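Okay, structure first, notes after.
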Amino acid sequence: MIALGSDHGGFELKREIANYLTERGIPFEDFGTHSPDSCDYPDMAVEPCEAVANGRCDQAILICGTGIGISMAANKIHGIRAAVCSDYFSAKYTRLHNDANVLCLGGRVVGPGLACELVEVFLNTPFEGGRHSGRIEKLMKLEEK
Ligand code: RB5
């Protein structure tokens, strides 16, 4: 189950991604925003990230204008490892090496075609484990600071 969320800057791209997931039969829950009216990205990150943190959803895709603000908000929530990606290599390696559980995209940065490719590789790439596992443990311990 994929959690989707955006502010107004990501509203259009979220619709494209929702269509893409629907076409592929990938289940998702859309946590909004549900209109192009202005809203605040920190608010929009909370529910989808909590759904990932509590196990109701497996991963989240969050979108704001740049992807940056909503990724900063997401990474403040315990258990979340969010990565902003606008290239294929990063979307792949943030799964392989960082075990990212939230993909953040910039609705004003990437077009829908590239965004869907990034979603595809993010959702289909497993965590590599091995030497990266200890680094993830160290990363998550930083939440205690
Ligand atoms: C909203 O105008 C914009 O600031 C927001 O979508 C995002 O890009 C922030 O990082």
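Note that the structure is a prediction, hence the values are computed from the model and not measured. Read the numbers this way: they start at 1 and go in the same order the structure lists the ligands and their atoms. For the single chain, residues carry numbers from 1 onward in sequence order.
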*Determine yes or no for a side-chain-to-main-chain donor-acceptor pair under 3.5 angstrom, with D40 supplying the side chain and P42 the backbone.*
no
*So is Y41 polar-close to ligand 1, meaning N/O to N/O under 3.5 Å?*
no
*Please write down residue, atom name and distance for the protein heavy atom closest to atom 10 (O) of ligand 1.*
G69 N, 2.9 Å
*Which ligand 1 atoms, with their elements, are less than 4.0 angstrom from a heavy-atom of C64?*
6 (O), 7 (C), 8 (O), 9 (C), 10 (O)
*Quick one: does H8's side chain have a donor or acceptor within less than 3.5 Å of a partner on C39's backbone?*
yes
*asked:* So for M72, does at least one of its heavy atoms come nearer than 4.0 angstrom to any atom of ligand 1?
replied: no
_Ligand-residue contact atoms, ligand 1 with G65, heavy atoms, under 4.0 Å_ = 5 (C), 6 (O), 7 (C), 8 (O)
_Identity and distance of the protein heavy atom lying nearest atom 8 (O) of ligand 1_ = T66 N, 2.9 Å
*Is there a donor-acceptor contact under 3.5 Å from the side chain of D58 to the main chain of I2?*
no
_Verdict with supporting geometry, L105 and V119, side chain to side chain contact (heavy atoms under 4.5 Å, CB included)_ = CA-CA 9 Å; L105 300 168; V119 167; 4.2 Å; yes
*H97 pairs by side chain to side chain contact (heavy atoms under 4.5 Å, CB included) with which of H132, K92, R135?*
H132
*asked:* Checking a contact table here: which protein heavy atom is nearest atom 2 (O) of ligand 1, and how many Å away?
replied: R108 NH1, 3.3 Å
*Which residue supplies the protein heavy atom nearest to atom 5 (C) of ligand 1, what is that atom called, and how far is it?*
D7 OD2, 3.2 Å
*Is any side-chain heavy atom of I63 closer than 4.5 Å to a side-chain heavy atom of K14?*
yes
_Residue pair A18 / F28: nearest heavy atoms and the distance that separates them_ = O-CE2, 3.5 Å
*Please identify which atoms of ligand 1 are closer than 4.0 Å to at least one heavy atom of H8.*
1 (C), 2 (O)
